[in-house]
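Read through the structure below, which is laid out as C-alpha coordinates, and then see the notes.
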Amino acid sequence: MVNYLTRRLDATFSALADPTRRAIVQRLAEGSATIKELAHPFHVSLPAISKHLRVLENAGLLKRRKQGRMHHCQLNTERLEEAGKWIERYRTFWEQRFDVLDTYLQSSNQPSTQKERP
(Lines give C-alpha, C1' and ligand atoms only; values in the text may rest on other atoms or scores of the structure.)
Protein backbone atom coordinates (compact mmCIF):
# COMPACT_ATOMS: atom_id res chain seq x y z
CA MET A 1 0.00 0.00 0.00
CA VAL A 2 2.78 2.44 0.90
CA ASN A 3 4.65 1.90 -2.38
CA TYR A 4 1.44 2.20 -4.38
CA LEU A 5 0.48 5.45 -2.65
CA THR A 6 4.03 6.76 -2.99
CA ARG A 7 4.00 6.10 -6.74
CA ARG A 8 0.64 7.83 -7.08
CA LEU A 9 1.84 10.85 -5.11
CA ASP A 10 5.05 10.96 -7.14
CA ALA A 11 3.03 10.95 -10.37
CA THR A 12 0.69 13.65 -9.05
CA PHE A 13 3.44 15.98 -7.87
CA SER A 14 5.48 15.34 -11.02
CA ALA A 15 2.50 16.24 -13.20
CA LEU A 16 1.83 19.37 -11.16
CA ALA A 17 5.48 20.46 -11.31
CA ASP A 18 4.93 22.06 -14.71
CA PRO A 19 3.25 25.50 -14.78
CA THR A 20 1.32 24.72 -17.98
CA ARG A 21 -0.16 21.60 -16.44
CA ARG A 22 -1.03 23.46 -13.24
CA ALA A 23 -2.84 26.07 -15.36
CA ILE A 24 -4.73 23.29 -17.16
CA VAL A 25 -5.75 21.77 -13.81
CA GLN A 26 -6.84 25.20 -12.61
CA ARG A 27 -8.95 25.67 -15.75
CA LEU A 28 -10.49 22.19 -15.41
CA ALA A 29 -11.44 23.00 -11.81
CA GLU A 30 -13.97 25.39 -13.35
CA GLY A 31 -15.54 22.61 -15.45
CA SER A 32 -14.88 20.28 -18.36
CA ALA A 33 -13.31 21.60 -21.54
CA THR A 34 -12.25 20.46 -24.98
CA ILE A 35 -8.58 20.17 -25.89
CA LYS A 36 -8.94 23.23 -28.13
CA GLU A 37 -10.44 25.23 -25.24
CA LEU A 38 -7.60 24.13 -22.96
CA ALA A 39 -4.99 25.05 -25.57
CA HIS A 40 -6.41 28.51 -26.25
CA PRO A 41 -4.57 30.56 -23.57
CA PHE A 42 -1.20 28.97 -24.35
CA HIS A 43 1.10 29.83 -27.23
CA VAL A 44 1.98 26.22 -27.99
CA SER A 45 0.82 23.67 -30.54
CA LEU A 46 -2.08 21.28 -30.03
CA PRO A 47 0.34 18.31 -29.98
CA ALA A 48 2.25 20.00 -27.13
CA ILE A 49 -0.99 20.47 -25.18
CA SER A 50 -1.88 16.83 -25.90
CA LYS A 51 1.42 15.75 -24.34
CA HIS A 52 0.62 17.77 -21.22
CA LEU A 53 -2.84 16.21 -21.11
CA ARG A 54 -1.36 12.71 -21.39
CA VAL A 55 0.91 13.42 -18.41
CA LEU A 56 -2.10 14.59 -16.40
CA GLU A 57 -4.13 11.61 -17.56
CA ASN A 58 -1.34 9.14 -16.69
CA ALA A 59 -1.12 10.72 -13.23
CA GLY A 60 -4.86 10.17 -12.78
CA LEU A 61 -5.64 13.89 -12.63
CA LEU A 62 -7.61 13.99 -15.84
CA LYS A 63 -10.46 12.02 -17.38
CA ARG A 64 -10.93 12.20 -21.14
CA ARG A 65 -14.19 11.46 -22.96
CA LYS A 66 -14.52 11.34 -26.72
CA GLN A 67 -17.72 12.59 -28.31
CA GLY A 68 -17.52 12.37 -32.08
CA ARG A 69 -14.28 14.10 -33.05
CA MET A 70 -14.15 16.16 -29.88
CA HIS A 71 -12.23 15.16 -26.77
CA HIS A 72 -13.72 16.51 -23.56
CA CYS A 73 -11.47 16.65 -20.52
CA GLN A 74 -12.57 16.65 -16.91
CA LEU A 75 -10.62 16.99 -13.69
CA ASN A 76 -10.34 13.88 -11.53
CA THR A 77 -10.13 15.29 -8.01
CA GLU A 78 -9.37 11.99 -6.25
CA ARG A 79 -5.61 12.30 -6.78
CA LEU A 80 -5.63 15.96 -5.77
CA GLU A 81 -7.42 15.00 -2.57
CA GLU A 82 -4.74 12.37 -1.82
CA ALA A 83 -2.01 14.96 -2.36
CA GLY A 84 -3.91 17.46 -0.23
CA LYS A 85 -4.18 14.99 2.64
CA TRP A 86 -0.46 14.25 2.42
CA ILE A 87 0.38 17.97 2.46
CA GLU A 88 -2.05 18.59 5.33
CA ARG A 89 -0.41 15.91 7.45
CA TYR A 90 2.98 17.59 7.08
CA ARG A 91 1.53 21.08 7.46
CA THR A 92 0.14 20.05 10.85
CA PHE A 93 3.49 18.51 11.80
CA TRP A 94 5.41 21.68 10.92
CA GLU A 95 2.90 23.98 12.59
CA GLN A 96 3.35 22.03 15.83
CA ARG A 97 7.13 22.33 15.48
CA PHE A 98 6.86 26.07 14.87
CA ASP A 99 4.61 26.43 17.93
CA VAL A 100 7.27 24.72 20.07
CA LEU A 101 9.96 26.96 18.57
CA ASP A 102 7.82 30.05 19.18
CA THR A 103 7.28 29.07 22.82
CA TYR A 104 11.01 28.55 23.26
CA LEU A 105 11.87 31.88 21.65
CA GLN A 106 9.25 33.69 23.71
CA SER A 107 10.64 32.24 26.94
CA SER A 108 14.27 32.93 25.99
CA ASN A 109 13.45 36.59 25.28
CA GLN A 110 12.01 37.19 28.73
CA PRO A 111 14.09 39.65 30.78
CA SER A 112 16.19 38.02 33.43
CA THR A 113 15.04 38.60 37.01
CA GLN A 114 18.62 38.56 38.26
CA LYS A 115 20.62 41.76 38.30
CA GLU A 116 23.76 41.75 36.27
CA ARG A 117 27.02 42.33 38.10
CA PRO A 118 29.29 45.16 36.94
Side-chain angles (χ1 to χ4, degrees):
M1 176 67 179
V2 172
N3 286 336
Y4 178 68
L5 182 58
T6 299
R7 279 184 265 139
R8 285 171 52 152
L9 282 171
D10 289 349
T12 299
F13 287 124
S14 178
L16 295 174
D18 183 86
T20 301
R21 291 191 289 267
R22 286 193 307 271
I24 290 170
V25 167
Q26 188 173 2
R27 165 54 186 87
L28 288 173
E30 298 169 8
S32 66
T34 64
I35 293 175
K36 192 172 182 178
E37 291 170 336
L38 292 171
H40 179 71
F42 304 103
H43 300 289
V44 295
S45 66
L46 282 176
I49 290 297
S50 289
K51 286 181 182 179
H52 284 297
L53 294 176
R54 261 189 309 254
V55 170
L56 291 169
E57 196 170 19
N58 290 339
L61 295 167
L62 175 95
K63 294 178 188 175
R64 194 186 304 225
R65 173 178 54 86
K66 189 173 179 182
Q67 185 178 18
R69 298 181 81 202
M70 304 288 282
H71 288 254
H72 295 271
C73 300
Q74 179 179 338
L75 186 62
N76 180 15
T77 59
E78 180 183 319
R79 297 288 172 92
L80 289 174
E81 289 169 3
E82 286 176 0
K85 288 176 184 176
W86 185 86
I87 290 169
E88 180 62 23
R89 189 174 80 216
Y90 286 96
R91 184 189 67 78
T92 303
F93 169 80
W94 282 109
E95 281 183 355
Q96 290 170 351
R97 295 289 186 212
F98 288 137
D99 288 345
V100 170
L101 177 61
D102 184 50
T103 301
Y104 171 76
L105 292 174
Q106 294 287 337
S107 67
S108 67
N109 286 335
Q110 296 295 323
S112 179
T113 56
Q114 298 177 341
K115 292 185 179 180
E116 291 184 23
R117 295 182 186 177

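Computed from a predicted model, the values in this text were never measured in an experiment.
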Salt bridge Arg8-Glu78, side-chain N to carboxylate O under 4.0 Å: yes
Closest non-hydrogen atom pair, Ala11 against Ala59: O-CB, 3.5 Å
Gap between atom NE2 of His52 and atom CG of Asp18 - 0.5 Å precision: 5.0 Å
Atom NE2 of His40 with >12 non-hydrogen neighbours under 6.0 angstrom: no
ILVMFWY clustering at 4.5 Å (side-chain atoms), partners of Leu62: Leu16, Ile24, Val25, Leu28, Ile35, Leu38, Phe42, Val44, Leu46, Ile49, Leu53, Leu56, Leu61, Leu75, Leu80
Minimum side-chain heavy-atom gap Arg54-Lys51 below 4.5 Å: yes
N-O pairing of Glu88 and Arg91 below 4.0 Å: yes
For Arg79 against Gly60, the heavy-atom pair lying closest together: CG-O, 3.4 Å
Heavy-atom closest pair, residues Arg21 and Ser14: NH2-O, 3.7 Å
N/O donor-acceptor pair under 3.5 Å between Arg65 side chain and His71 backbone: no
Distance (rounded to the nearest 0.5 Å) between Ser50 OG and Glu57 CD: 10.0 Å
Ring centers of Trp86, Tyr90 separated by less than 6.0 Å: yes
Minimum-distance pair of heavy atoms, taken over all atoms of Cys73 and Arg64: SG-CG, 4.3 Å
Which atom of Ala83 lies closest to which atom of Leu9, heavy atoms considered: CA-CD2, 3.7 Å
